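Take a look at the structure set out below.
Numbers here are sequence positions counted from 1. Keep in mind the model is a prediction, meaning the values are calculated, not measured. Side chains are part of it too, since the values below use all heavy atoms of this structure and drop only hydrogens, waters and symmetry mates.
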Amino acid sequence: PRCLAACFVAVVTLNVNISSQSANINVNLSCRGSSWGRNCNEKGEFDIPGEELDQGYDRLIVKAPGCRPLCVELGAPGVKLDNLTLRLQKQEYGTLRVRVGDEAGASLSGVSVWANGRRSTHYYNGMPQERRAVTSRNGEVRFTGLAVGERMLSFDCNGYYVPGEFKAVVVAETEAQVQAVMRAGMK
């Protein structure tokens, strides 16, 4: 493993007014499943000892309540470990309403819909959280509290499939609506 620096100190600043203190900002180094972490001090500063940098970590991941996670590739051009200032942005959320029907336009009930791709699992406070819902009689599901941005949706219904990838965009403080058409048959 290459040595990135003997030691570095960085400052994390928040571009949002959140109620949490800077000490709640979590900083992790990661590489191929291995990680090391700590929290910032009350000024939003953290340091990483040189012996940790010698372990070959290639990413710095910063997370804070109310903010979007930030990932820094440590070997990327322009990243200066001796003068690193990171700015976290407010995490915004929205709602996604999905209507699922067949090619004739009839609503499909009982369809499993995943808001992050097929059976993907995300972790919250160390516990797996699956973003799955089942369509109602009118063929709809509603996901609330989704982080803004593009989402990959997956669908599962016996005898039907959705051709190709199905994406939707979650907009801040809005209920976005999309319609998915499932085809009869097997893919």
Side-chain angles (χ1 to χ4, degrees), residues 14-16 18-20 24-35 37 57-74 76 86-187:
L14 304 177
N15 285 351
V16 295
I18 60 174
S19 59
S20 66
N24 289 332
I25 299 171
N26 182 260
V27 179
N28 281 289
L29 288 170
S30 72
C31 181
R32 297 183 299 275
S34 180
S35 67
Y57 295 113
D58 57 0
R59 280 186 304 277
L60 178 71
I61 301 167
V62 182
K63 295 179 183 179
C67 296
R68 289 189 294 192
L70 177 65
C71 181
V72 178
E73 297 293 332
L74 296 177
L86 307 170
R87 291 185 178 21
L88 300 181
Q89 302 295 321
K90 179 181 178 184
Q91 178 65 70
E92 297 179 299
Y93 300 92
T95 299
L96 183 61
R97 182 180 301 271
V98 182
R99 183 181 183 285
V100 182
D102 63 15
E103 293 176 288
S107 297
L108 291 175
S109 63
V111 178
S112 291
V113 181
W114 284 266
N116 294 328
R118 178 171 296 283
R119 295 178 179 86
S120 86
T121 303
H122 296 272
Y123 289 83
Y124 177 76
N125 287 338
M127 301 299 293
Q129 301 292 309
E130 186 176 63
R131 295 307 301 241
R132 180 181 82 83
V134 177
T135 57
S136 62
R137 287 185 317 198
N138 64 353
E140 290 187 356
V141 294
R142 187 171 181 258
F143 295 99
T144 60
L146 295 178
V148 298
E150 189 175 77
R151 293 272 172 166
M152 177 76 72
L153 301 180
S154 294
F155 305 86
D156 189 25
C157 182
N158 285 336
Y160 291 91
Y161 72 98
V162 173
E165 293 182 345
F166 191 92
K167 296 179 182 178
V169 177
V170 178
V171 181
E173 300 180 31
T174 303
E175 181 171 292
Q177 297 184 27
V178 294
Q179 181 157 343
V181 176
M182 297 191 80
R183 293 184 181 167
M186 301 302 289
K187 182 176 178 182

Heavy-atom side-chain proximity of [X] to [Y] below 4.5 angstrom:
X      : Y      : value
Cys157 : Met182 : yes
Val134 : Val141 : no
Lys167 : Arg151 : no
Glu140 : Val98  : no

In Å and rounded to the nearest 0.5 Å, what is the [atom1] to [atom2] distance from [X] to [Y]?
X      : Y      : atom1 : atom2 : answer
Asp102 : Arg183 : CG    : CZ    : 12.5 Å
Leu70  : Arg87  : CG    : CZ    : 11.5 Å
Cys71  : Lys63  : SG    : NZ    : 10.0 Å
Thr174 : Glu92  : OG1   : CD    : 9.5 Å

Where do [X] and [Y] come nearest, in terms of heavy atoms and distance?
X      : Y      : value
Val170 : Thr95  : CG1-N, 4.3 Å
Phe143 : Val113 : CZ-O, 3.5 Å
Glu103 : Ala184 : OE1-N, 4.0 Å
Ala168 : Leu153 : CB-CD1, 4.1 Å
Phe155 : Trp114 : C-CZ3, 4.4 Å
Gln91  : Arg68  : OE1-CG, 2.9 Å

Audit row: Arg99, Ser107, side-chain hydrogen bond (donor to acceptor under 3.5 Å, both in side chains) steps and yes/no: CA-CA 8 Å; Arg99 183 181 183 285; Ser107 297; 2.6 Å; yes

side-chain contact (heavy atoms from CB on, under 4.5 Å) between Tyr160 and Val100, intermediate numbers included: CA-CA 11 Å; Tyr160 291 91; Val100 182; over 6 Å; no

Glu173 atom CD: more than 12 heavy-atom contacts under 6.0 Å: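 No, because the 6.0 Å sphere around CD of Glu173 holds 12 heavy atoms or fewer from other groups.
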
Presence of salt bridge, Arg142 and Glu175, under 4.0 angstrom: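 Salt bridge: yes.
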
Any donor-acceptor N/O pair, Thr135 side chain to Leu108 backbone, under 3.5 Å: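 At least one qualifying donor-acceptor pair exists.
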
Derivation and outcome, side-chain hydrogen bond (donor to acceptor under 3.5 Å, both in side chains), residues Arg132 and Ser112: CA-CA 7 Å; Arg132 180 181 82 83; Ser112 291; 3.0 Å; yes

Val111/Asp156 under side-chain contact (heavy atoms from CB on, under 4.5 Å): CA gap, chis, key distance, verdict: CA-CA 6 Å; Val111 178; Asp156 189 25; 5.9 Å; no

Step-by-step side-chain contact (heavy atoms from CB on, under 4.5 Å) determination, Val162 to Val181: CA-CA 7 Å; Val162 173; Val181 176; over 6 Å; no

